[in-house]
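Every chain is numbered from 1, with letters handed out A, B, ... down the list of sequences.
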Protein chains: 2
Amino acid sequence: MARGTTTEEPVRQRLVAEATRLFAERGFESTSVQEIVAAAGVTKGAMYHYFASKDDLLHEIYGRVLRMQTERLTMFADAAGPVAERLHAAATDVVVTTVDNLDDSKVFFRSMHQLSPEVYKTVRAERRRYHERFRDLVAEGQRAGVFRDDIPAEIVVGFFFGSVHHLGTWYHPDGPLSGPEIGRHFADLLLRSLGNA
Amino acid sequence: MARGTTTEEPVRQRLVAEATRLFAERGFESTSVQEIVAAAGVTKGAMYHYFASKDDLLHEIYGRVLRMQTERLTMFADAAGPVAERLHAAATDVVVTTVDNLDDSKVFFRSMHQLSPEVYKTVRAERRRYHERFRDLVAEGQRAGVFRDDIPAEIVVGFFFGSVHHLGTWYHPDGPLSGPEIGRHFADLLLRSLGNA
DNA sequence: CTGTCCTGACCGACCAGTCGGTACGCTTGT
DNA sequence: ACAAGCGTACCGACTGGTCGGTCAGGACAG
């Protein structure tokens, strides 16, 4: 650990955390490597010891978010119980975790196009798999006759995730609504728009 | 008109058009002024003759989009007829115009934070007024008992416009669905999630 | 002595914006 | 009729500064 500088948290994690915060605040292109390392209390050399490039740092952020969301969705989708309940739970959860990690969400949808072409493709593919898993849940309910099927499941998923991704532009933690409240409302809206009753 | 160069379209309009295309493709910060003027077939001097700065060019794009959308919403909202029909028509229209101007939409939600603080505030305020007009339409239906009122109109509007703004990330004009088709589906989803029947 | 972690000066590329100058048509005085 | 004067449109080399990334080496643990 070389010289005991300031914090106990490992340098690598501090760099990712500060980068996330700054990218969310100013955007990827408007944040210099110098600002990131200054915020983390190290120098450029340290950053380039752990990451190959500024892009690599961004890639790390995407990887973390995708891993977590995919894991959680799988958990909810593969649970027992009626499909409507599983979908409602999964929808609520994605909203709550998005609100709990708003900075990640802001970076995700604002800076995706700054990734290098290959990394961009990888991220898109993983994101696509995630959407497909969600879509299958909707389609399952449609086949079972629980959901209306006059609107393609693909559209429904695009509609719902658009709403979720945009939370970063208007949701404020100090506002009148908590994450779980927003989650319940969003899940209600989704389920209701699919409702057959 | 000075020297007859190449195209007939005025230089100013060509600059805005090419800037929109490039900003949508690469993002504001990753597009150099040099690239914009090269695409428009002029030089930097010409651009700085018409615009005060690169930011000013971005501002112009926002102004154009906001003016058009506000105007159209007012038209649909102030029309005659039941509130459910007016809301459906307005919702369909905003989707169709978004799809018809996808580049504008991409620039809008990806590069907003690159505007100077004052301009940013102005744009946010105008955007806010737009949302409020839409929210009032929802609230009107709720008061009239046509829409369910157990979810705040504010949330419903945030939900719907999230979906619309995110069209830019996944809608493709060559895909299987046309703008009006997406518009109808989106408006159906909105109305259905508000449905009382 | 060796590998890991980290420093900070430095480099070449690039970028937004500037500025002195040019081309050309419209107005005005004679 | 004509030239002088002027304003608008545009050119493109240049500048001051910033940025991502490099590198030679120092400090410390095992």
Test: K54(B) cationic atom under 6.0 Å from F28(B) six-membered ring centre, within 45° of axis: yes

Those residues of residues 20-27 of chain A lying under 4.0 Å from DNA chain D by at least one heavy atom: none

Straight-line distance of L73(B) CG to L137(B) CG, nearest 0.5 Å: 7.5 Å

Geometric class of the F186(B)/W170(B) ring pair [parallel <30°, tilted 30-60°, perpendicular >60°]: tilted

Positions of residues 44-62 of chain A (non-hydrogen atom under 4.0 Å from DNA chain D), listed by number: K44(A), Y48(A), S53(A), K54(A)

Sub-6.0 Å ring centroid separation between H166(A) and F109(A): yes

Nucleotide dC14(C), atom P - distance to CD of Q34(B) in whole Å: 12 Å

Geometric cation-pi criterion R127(B) and F108(B), 6.0 Å radius, 45° cone: yes

Pair S163(A), S163(B): side-chain N/O donor-acceptor within cut-off below 3.5 Å: yes

N101(B) side chain vs T97(B) backbone, donor-acceptor pair below 3.5 Å: yes

Residue pair H113(B) / R110(A), side-chain donor-acceptor N/O under 3.5 Å: yes

Sugar-phosphate only, base, or nothing, as touched by T31(B) at under 4.0 Å among non-hydrogen atoms: sugar-phosphate

Length of the line joining R14(A):CZ and dC6(C):C1', which is rounded to integer Å: 12 Å

